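Everything on this sheet refers to the single structure shown next.
Just so we're on the same page: letters track the sequence lines, and every chain starts at 1. Since this is a predicted model, take the numbers as computed values, not measurements.
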2 protein chains.
Amino acid sequence: MKLRRLPQQERGERRVTTLLDAAAAVIAETGYDAATMSEIAARAGASIGSLYQFFPNKQSITQALRAQYGREFQELWSPLESTAASLTIEQLVSRLIDDTVQLMERHPALLPLMDAPCSTRNPPIRKLLRQHIARGLRAKKPSLSEVVAARLATVTLQTMRGVRELYREFETRERRALIQEYKLMLVCYLTYQLET
Amino acid sequence: MKLRRLPQQERGERRVTTLLDAAAAVIAETGYDAATMSEIAARAGASIGSLYQFFPNKQSITQALRAQYGREFQELWSPLESTAASLTIEQLVSRLIDDTVQLMERHPALLPLMDAPCSTRNPPIRKLLRQHIARGLRAKKPSLSEVVAARLATVTLQTMRGVRELYREFETRERRALIQEYKLMLVCYLTYQLET
DNA sequence: TACATATGTGAGCTTTCGCTCATATTTAAA
DNA sequence: TTTAAATATGAGCGAAAGCTCACATATGTA
């Protein structure tokens with residue numbers, strides 16, 4: 001999380017979570033670039049000085065948010081590696097997409113944060129997710145080479161990014177229909193790739 | 001294109017194209033937000049004043065570039081509506097993806113420009129492309145309802161956006177392999193949707 | 001050559017942003 | 001109660017961005 005100073009009192013911890021919530025809200029509304037530090041502080045009911053007390057710069061905020069979201073994905077998907085073998089492809093795809101949709105609705109900042117700048121030390125969430133998916137796929141079909149599994153995972157993940165973009169452009173109703181189409185596409189593709 | 005003043009001499013037209021080329025280069029390298037007007041002018045060997053002589057603001061540059069790229073897509077795909085019926089699904093998919101790849105390589109600014117802000121008067125290229133794809137699909141299978149065709153086109157287009165993202169992350173070799181996977185996925189999906 | 005118009009120039013205005021710092025207040029331990 | 005550390009504050013600094021404007025030069029026409 002890389003805070004400038006670790007909160008040492010309960011008050012400090014409350015501030016940090018309040019600030020992160022505010023940051024997520026502002027980023028969700030305006031995007032990363034347009035989100036300003038002053039607006040984040042104001043939204044949290046704090047002063048700019050207070051914000052910089054804990055976060056040394058703007059990037060450190062996105063790092064913290066990304067780390068949090070990454071952990072939540074990991075919690076959802078780490079069981080998948082052991083259970084994927086017993087799932088049908090439909091179930092696997094449904095699970096992947098539904099979980100993504102769920103996290104995106106819980107964290108509207110996730111979408112803009114995927115495009116925000118990332119230091120090389122703090123790799124994007126994407127890489128983590130790709131690993132999980134690749135392992136899930138190999139659990140389902142162990143004869144897949146690592147290279148091929150990584151490729152399938154990349155395509156699968158990028159397709160799920162496509163789902164994300166729907167949130168920019170479509171309302172709930174049409175979005176549901178489109179999500180169904182995405183599931184179908186992935187099922188078609190993975191069935192072809194895993195069952196031959 | 002909405003220029004502040006239309007170029008009236010050959011000199012002016014040269015300036016405009018030079019400026020647009022420079023803008024595309026800078027945007028390709030740094031992204032839209034980080035691309036500055038001064039850098040664009042400098043890259044074109046012009047002064048800032050000269051830049052503002054023709055382009056009233058930063059957005060007008062992206063509008064001009066987007067319009068240009070939109071026209072090129074249109075040129076490539078407008079014949080598709082009449083010929084799609086006689087193509088196999090493999091051929092259609094190959095055509096769509098290869099054309100996209102080709103334009104992306106010719107115009108490296110296309111990728112960052114897709115995410116750049118767009119006024120409501122100047123709709124993103126995406127909408128144009130979606131229409132073309134939807135018409136192509138209906139040409140291939142006239143029994144498709146407009147709504148369903150639009151949905152398939154959306155999913156197809158978003159998949160092609162996925163291809164675009166590969167350029168951020170992968171080198172030529174792996175990219176080629178991944179593009180093949182994308183084609184396969186679209187073929188699987190469209191075969192399922194168009195032939196049943 | 002003379003004149004109007006098109007194009008070119010860059011110092012600098014205005015605004016906004018990320019961020020610092022001197023200082024004030026709250027908290028917890030001694 | 002005293003005291004040191006933790007937390008809070010916001011005026012303001014420096015940098016960089018978009019953009020203007022008064023003026024200089026180039027070009028076409030008569």
(message) Atom OH of residue position B:Tyr167 - does it have more than 12 heavy atoms of other residues, nucleotides or ligands inside 6.0 Å?
(response) yes
(request) Could you state the atom-to-atom distance from CZ of B:Phe55 to C1' of D:dA17 in whole Å? (result) 19 Å
(message) What is the distance, to the nearest angstrom, from the CD1 atom on B:Ile61 to the C1' atom on D:dC19?
(response) 12 Å
(message) I'd like to know if A:Arg71 pairs up with A:Glu75 as an ion pair, taking the criterion as any Lys NZ or Arg NE/NH1/NH2 lying under 4.0 Å from an Asp or Glu carboxylate oxygen.
(response) no
(request) Taking only the side-chain heavy atoms of A:Asn57 (C-beta and beyond), determine which of D:dC19, C:dC19, D:dT9 contains the nearest atom. (result) C:dC19
(message) Can you tell me if B:Arg106 has over 12 outside heavy atoms packed within less than 6.0 Å of its CZ?
(response) yes
(request) Step through the shown structure and confirm whether more than 12 heavy atoms of other residues, nucleotides or ligands are within 6.0 Å of CZ on A:Arg168. (result) yes
(request) Ignoring the backbone of B:Phe54, work out which of D:dG18, D:dT9, C:dG8 is nearest its side chain. (result) C:dG8
(request) Measure from CD on B:Gln53 to C1' on C:dG10 and round the result to the nearest Å. (result) 13 Å
(message) In this structure, how many angstroms lie between the P atom of C:dT7 and the CD atom of B:Glu13, rounded?
(response) 9 Å
(message) So if I take every side-chain heavy atom of B:Pro7 and compare against C:dT7, C:dT9, D:dA8, which nucleotide ends up nearest?
(response) C:dT7
(request) Considering non-hydrogen atoms only, spot the tightest contact between A:Arg5 and A:Phe54 and give its length. (result) O-CD2, 3.4 Å
(request) Calculate the interatomic distance between A:Arg4 atom CZ and D:dT7 atom P; express it in whole Å. (result) 14 Å
(request) Using atom CG of A:Leu51 as one end and atom P of D:dA8 as the other, report the distance to the nearest whole Å. (result) 11 Å
(message) Please determine whether a side-chain nitrogen of the Lys or Arg among A:Glu174 and B:Arg151 lies less than 4.0 Å from a carboxylate oxygen of the Asp or Glu.
(response) yes
(message) Quick test of your reading of the model: are B:Glu29 and B:Arg43 salt-bridged, counting only N-O distances below 4.0 Å?
(response) yes
(request) Round to a whole Å and report the spacing from OH of A:Tyr52 to C1' of D:dG10. (result) 14 Å
(request) Check each residue of residues 25-42 of chain B for a non-hydrogen atom within less than 4.0 Å of any atom in DNA chain C, then write out the ones that pass by number, or none. (result) none
(request) Would you mind telling me which of C:dA6, D:dG18, D:dT9 lies closest to the side-chain atoms of A:Arg15? (result) D:dT9
Please tabulate, one pair per line, each protein N/O and nucleotide N/O from nucleotides 26-30 of chain C that are separated by under 3.5 Å, including the distance.
none

(message) Just checking A:Glu146: does its CD atom have more than 12 heavy atoms from other residues, nucleotides or ligands closer to it than 6.0 angstrom?
(response) no
(message) Rounded to whole Å, how long is the line connecting atom CG of A:Leu6 with atom C1' of D:dT7?
(response) 14 Å
(request) Side chain of B:Ser50 only, please: which of D:dG12, C:dA11, C:dG8 is the nearest? (result) C:dG8
(message) Closer than 4.0 angstrom, basic N to acidic O: yes or no for B:Arg126 and A:Glu165?
(response) no
(message) Testing the basics here: between B:Thr18 and B:Ala44, what is the closest heavy-atom pair and its distance to 0.1 Å?
(response) CG2-O, 3.6 Å
(request) May I ask you to say what A:Gly12 touches in the nucleic acid, namely base, sugar-phosphate or nothing, with a heavy-atom cut-off under 4.0 Å? (result) sugar-phosphate
(message) Let's see if you can work this out: which of D:dT9, C:dC19, C:dT9 has an atom nearest to the side-chain heavy atoms of A:Ser47?
(response) D:dT9
